Amino acid sequence: MDVKIAPSILSADFVNLERELGRIASADLVHVDVMDNHFVPNMTFGLPVVERIIEVAPVPVDVHLMIEDPDRWGPGFAEAGASSVTFHAEAARAPVRLARELRALGSRAGVALRPATPVEPFLDLLGEVDMVLVMTVEPGFGGQGFIDGTLPKIRRTRAAVGEAGLDVLVQVDGGVSVETIERAAEAGADVFVAGSAVYGAQDAAAAIHELRELARGAHRHD
Ligand code: DX5
Ligand code: ZN
């Protein structure tokens with residue numbers, strides 16, 4: 001499986017979203033961060049805006065829910081046509097029910113872990129999801145530094161997916177740049193979210209290309 005680059009529109013110009021989406025047409029996915037000012041100390045946008053993003057985006061939409069009640073709100077994003085909907089393990093009350101609902105609505109289901117949340121309690125449920133998002137910064141803001149202390153968790157997640165023989169993607173989000181992407185890829189990540197590294201570049205397509213080449217070179221599967 002090839003690596004996937006998912007630029008995050010958190011670092012885009014929000015008043016020109018359609019134009020900003022056009023800049024990343026060569027990406028594999030577009031990552032959309034939904035924040036409610038409760039689960040994280042920041043607020044972005046909700047379902048009505050994401051519905052329009054899904055309609056005009058040139059690539060599939062990867063929704064990252066940083067909200068307190070994903071059980072209630074998550075299915076609406078799947079109904080709207082999100083390619084994947086990722087909820088936080090710390091927030092979901094019934095993660096298996098939610099993941100099944102998202103999949104039944106035609107979306108992929110992802111489970112996200114804050115840097116201090118271990119993956120081990122979720123390993124028996126890997127078959128219920130399509131992706132594990134290992135946060136490589138504390139969620140809430142773009143432009144933070146990559147936390148190297150999350151690399152062992154990326155490795156353990158990749159190893160567990162391999163041992164179980166499952167087709168589950170490992171995603172990393174936060175501080176992914178030309179300086180850090182190879183470390184994450186070498187640890188076993190397959191999907192790389194990059195906000196400031198792509199939208200902060202003059203030429204977003206060139207940034208996507210460079211990140212993809214670096215990730216491909218370092219990527220490994222157990
Ligand atoms: C942070 C968000 C990220 C953010 C990453 O909580 O989940 O998706 O956009 O931004 P960078 O790549 O700038 O760290
Ligand atoms: Zn995110």
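Read the numbers this way: they start at 1 and go in the same order the structure lists the ligands and their atoms. Since we're looking at a predicted model, the values are computed, not measured.
Using a 4.0 Å cut-off between a side-chain N of Lys or Arg and a carboxylate O of Asp or Glu, R93 and D69 qualify as a salt bridge. With salt bridges taken as basic N to acidic carboxylate O contacts below 4.0 Å, one links R103 and D130. Here R155 pairs with E186 in a salt bridge; the nearest charged N to carboxylate O distance falls below 4.0 Å.
Regarding atom 1 (C) of ligand 1, its nearest protein heavy-atom neighbour is F141 O, 3.5 Å. The protein heavy atom nearest to atom 10 (O) of ligand 1 is G142 CA, 3.5 Å. Here the heavy atom of the protein found nearest to atom 14 (O) of ligand 1 is G175 N, 2.8 Å. The nearest heavy-atom contact from the protein to atom 9 (O) of ligand 1 is S8 OG, 2.8 Å.
For K153 (side chain) and M135 (main-chain N/O), no donor-acceptor pair under 3.5 Å exists by modelled atom type. Counting only distance, with no hydrogens or angles, the side chain of E90 and the backbone of R114 share a donor-acceptor pair below 3.5 Å. The backbone N or O of V134 lies less than 3.5 Å from no partner atom in the side chain of T157, so there is not a single donor-acceptor pair. Put simply, the side chain of D28 never gets that close to the backbone of A6: no donor and acceptor are under 3.5 Å apart.
For S8 and D33, the side-chain atoms include at least one donor-acceptor pair closer than 3.5 Å.
Listed by atom number, the atoms of ligand 1 under 4.0 Å from A194 heavy atoms are 12 (O). Atoms of ligand 1 lying under 4.0 Å from at least one heavy atom of M66, given by number and element, are 6 (O), 7 (O). Within ligand 1, the atoms closer than 4.0 Å to a non-hydrogen atom of P139 are 6 (O), numbered from 1 in the order shown. Within ligand 1, the atoms closer than 4.0 Å to a non-hydrogen atom of H64 are 7 (O), numbered from 1 in the order shown. Those atoms of ligand 1 that come under 4.0 Å of a heavy atom in H31, given as number and element, are 8 (O). Counting the atoms of ligand 1 from 1 in the order shown, those under 4.0 Å from a heavy atom of G174 are 14 (O). For ligand 1 and D173, the ligand atoms under 4.0 Å from any heavy atom of the residue are 2 (C), 3 (C), 4 (C), 5 (C), 7 (O), 8 (O). Below 4.0 Å from some heavy atom of V193 lie the following atoms of ligand 1, by number and element: 8 (O).
Backbone and side-chain nitrogen or oxygen atoms of A197 are examined, and none is located within less than 3.5 angstrom of a nitrogen or oxygen of ligand 1. Taking any N or O of G140, backbone or side chain, at least one lies under 3.5 Å from an N or O belonging to ligand 1. Remark: ligand 1 and G143 share an N or O pair separated by less than 3.5 Å (distance only, no angle test). For ligand 1, the polar-atom distance check against S11 finds no nitrogen or oxygen pair separated by under 3.5 Å. Of the N or O atoms in E138, none lie within a sub-3.5 Å distance of an N or O in ligand 1.
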Evaluate the criterion side chain to side chain contact (heavy atoms under 4.5 Å, CB included) for residue pair W73 and D36; output intermediate values, then yes/no.
CA-CA 11 Å; W73 296 104; D36 66 353; over 6 Å; no
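Here D33 contributes OD1 and H31 contributes NE2, and at the Zn ion (ligand 2) these two atoms make an angle of 90°, given to 10°. Around the Zn ion (ligand 2), the angle linking H64 (ND1) with D173 (OD2) is 90°, rounded to 10 degrees.
Exactly one of V137, L133, V191, T86 qualifies for a side-chain contact (heavy atoms from CB on, under 4.5 Å) with D173. That residue is L133.
If you look at S196 next to ligand 1, the close heavy atoms, those under 4.0 Å, come from the backbone and the side chain alike.
A 6.0 Å sphere centred on CZ of R97 holds no more than 12 heavy atoms belonging to other residues, nucleotides or ligands.
In this structure, of P7, G195, A12, G145, the residue bringing a heavy atom nearest to atom 12 (O) of ligand 1 is G195.
When all heavy atoms of P115 and P139 are compared, the pair lying nearest together is CD-CD, 4.2 Å. The minimum heavy-atom distance between D71 and A92, with the atom names listed, is OD1-CA, 3.4 Å.
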